[in-house]
Amino acid sequence: MMAYWLMKSEPNVYSIEHLQRDSSTLWDGVRNYQARNFLRQMQVGERAFFYHSNADPPGIFGLMEITKINLVDPSQFDANSAYYDPKSTVDKPRWWTVVVTYLQTCTSPLTLGELRQHYEPAELLVIRPGNRLSVLPVPPEIALDIAAKTGLNL
DNA sequence: GCCAACGTTGGC
DNA sequence: GCCAACGTTGGC
């Protein structure tokens, strides 16, 4: 079944504009087991909303496609990386990720405040108070509704 | 296995 | 910059 996702990035580190310029990128650095488990569920061709976190305003700014899956995140082995994990080994990696490809930038972004107005925290995990996951599923009905509101073609 | 201390996330 | 929420670590 086709699933929809939401993936967070801080725009001063890596924004939807960066992804548009790069076309594709390896989504590395996720170091939370629950988020990693969602990454491992992703299938080629699925869509993910690009969410700007720690931003003004925070919200959904674009759309991308999952183009490569089940990749070992190389930054876990790189002692010079901020994402280095000394407990991870090449034989037993802990962290996997995907490659995402740019599809679209929102004609009108959906801010966190607007998401809170339209949806329920029980349905849309990103608006749950205290939520800290950087990779989250979005129920298909909500994904379609978000696409309609933001001018994105799923 | 418990839990206090600590670190990180991310909205405001 | 503050701080609440939450995950992880490590002593016991």
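Here is how names work: the chains are called A, B, and so on, in the same order as the sequence lines, proteins then strands, and each is numbered from 1. Because the structure is predicted, anything quoted here is derived from the model rather than measured. Because only heavy atoms are used, hydrogens play no part in the values below, and waters and symmetry mates are left out as well, while side chains stay in.
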Can you name the atoms? Protein N/O to nucleotides 8-12 of chain B N/O, anything below 3.5 Å, with the distance.
residue : atom : partner : partner atom : Å
B:dT8   : O2   : A:R132  : NH2          : 2.8
B:dG10  : OP1  : A:K8    : NZ           : 2.9
B:dG10  : OP1  : A:R132  : O            : 3.2
B:dG11  : OP1  : A:Y51   : OH           : 2.8
B:dG11  : OP2  : A:N54   : N            : 3.0
B:dC12  : OP1  : A:R116  : NH1          : 3.1

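- Comparing A:P129 and A:K87 against DNA chain C, the residue whose closest nucleotide sits nearer the 5' end is A:P129.
- With A:W27 as the partner, the ring pair (Phe, Tyr, Trp, His ring centres under 6.0 Å) test is satisfied by one option alone out of A:W96, A:F50, A:Y83: A:F50.
- Listed for the A:Q76 side chain is a donor-acceptor partner under 3.5 Å among the backbone atoms of A:R94.
- Contact between A:S75 and A:D28 at its shortest, heavy atoms only, is OG-CB, 4.1 Å.
- At least one donor-acceptor pair closer than 3.5 Å links the side chain of A:S15 to the backbone N or O of A:E17.
- For the pair A:N32 CG and C:dA5 C1', the computed distance is 13 Å after rounding to whole Å.
- Rounded to a whole Å, the CG atom of A:D85 is 18 Å from the P atom of C:dG7.
- Sorted by first then second residue, the salt bridge (Lys or Arg N to Asp or Glu O under 4.0 Å) pairs that include residues 139-154 of chain A, not counting sequence neighbours, are A:D145-A:K149.
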